[in-house]
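Since the structure comes first, as structure tokens, the remarks are kept for the end.
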Amino acid sequence: MPEQKFSVTYFWSLIPPRLLALIKFGITGTSGLIVDFCLTWLFKDEFHVNKFVANAIGFTAAVVSNYFINRLWTFKDKKAGIGKQLSAFIVVSLIGLLLNSGIIYVLDNLLLLNFYLSKAIAVLLVFFWNFSANYFFVFKAEKEVRIP
């Protein structure tokens, strides 16, 4: 039996496509979190922009960068038109933001859980909303299913 050389491509090929997309979506989301926090900090603390404006700048930049990373790497969907697809991605992201805020409000204000625990639960729940909506609607990833 010939020796199989380890490669990243070989490793990725061992993972089922939907799970691989979920992992890549998580990695992309982490990069978006970094973009969001860095730009929010830069505009708020270094440029002394209003904190809500700075937060909007960070959020917007993260959504746009996440869209392009997801389009090119996570879902590899280069065929669809960018305008319509980006608009759908933004709508999904805004719904995710509303869900996140609503979950935090219920857990923190009504159930009196710790704010950061509430935020962590909200992030986890909304992650699955964002992934599902993007997988099935924005990038229509069901086309990835390959029959050998």
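- If you take CZ on F131 and OG1 on T28, they are separated by 11.0 Å, rounding to the nearest 0.5 Å.
- Residue L124 is grouped with residue Y135 when hydrophobic side chains (ILVMFWY) are merged at heavy-atom distances under 4.5 angstrom, including chains of intermediate members.
- F37 CZ: 12 or fewer foreign heavy atoms inside a 6.0 Å radius.
- Heavy-atom minimum distance, Q85 versus Y67: OE1-OH, 2.7 Å.
- For G83 against S87, the heavy-atom pair with the smallest separation is O-OG, 2.9 Å.
- The structure places CZ of F137 at 8.5 Å from OG of S132, a figure rounded to the nearest 0.5 Å.
- Side chains of N114 and S118: a donor-acceptor N/O pair is absent below 3.5 angstrom, by distance only.
- Taken to the nearest 0.5 Å, the CH2 atom of W73 stands 5.5 Å off from the NZ atom of K24.
- The heavy-atom pair separating I69 from S31 by the smallest distance is CD1-OG, 3.7 Å.
- When atom types are taken as modelled, the side chain of T60 and the backbone of I57 share no donor-acceptor pair closer than 3.5 angstrom.
- To the nearest 0.5 Å, atom CG of residue L20 and atom CZ of residue F75 are 10.0 Å apart.
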Pairs of donor and acceptor atoms involving the side chains of residues 92-108, under 3.5 Å and at least two apart or interchain, shall be tabulated with distances.
residue: S93; atom: OG; partner: F89; partner atom: O; Å: 3.0
residue: S101; atom: OG; partner: L97; partner atom: O; Å: 3.1

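- For N130 against N134, the heavy-atom pair with the smallest separation is O-ND2, 2.8 Å.
- F43 is not listed as a side-chain neighbour of H48, based on a closest heavy-atom distance of 4.5 Å or more.
- Minimum heavy-atom separation, N109 to L112: O-CD2, 3.5 Å.
- The closest side-chain heavy-atom distance from F59 to T40 is not below 4.5 Å.
- For F25 and F127, the distance between ring centers is under 6.0 angstrom.
- Closest heavy-atom contact between L39 and G58: CB-CA, 4.0 Å.
- For the atom pair N66 CG and D36 CG, the distance stands at 9.0 Å (nearest 0.5 Å).
- To the nearest 0.5 Å, the span separating CZ on F139 from CG on D77 amounts to 6.5 Å.
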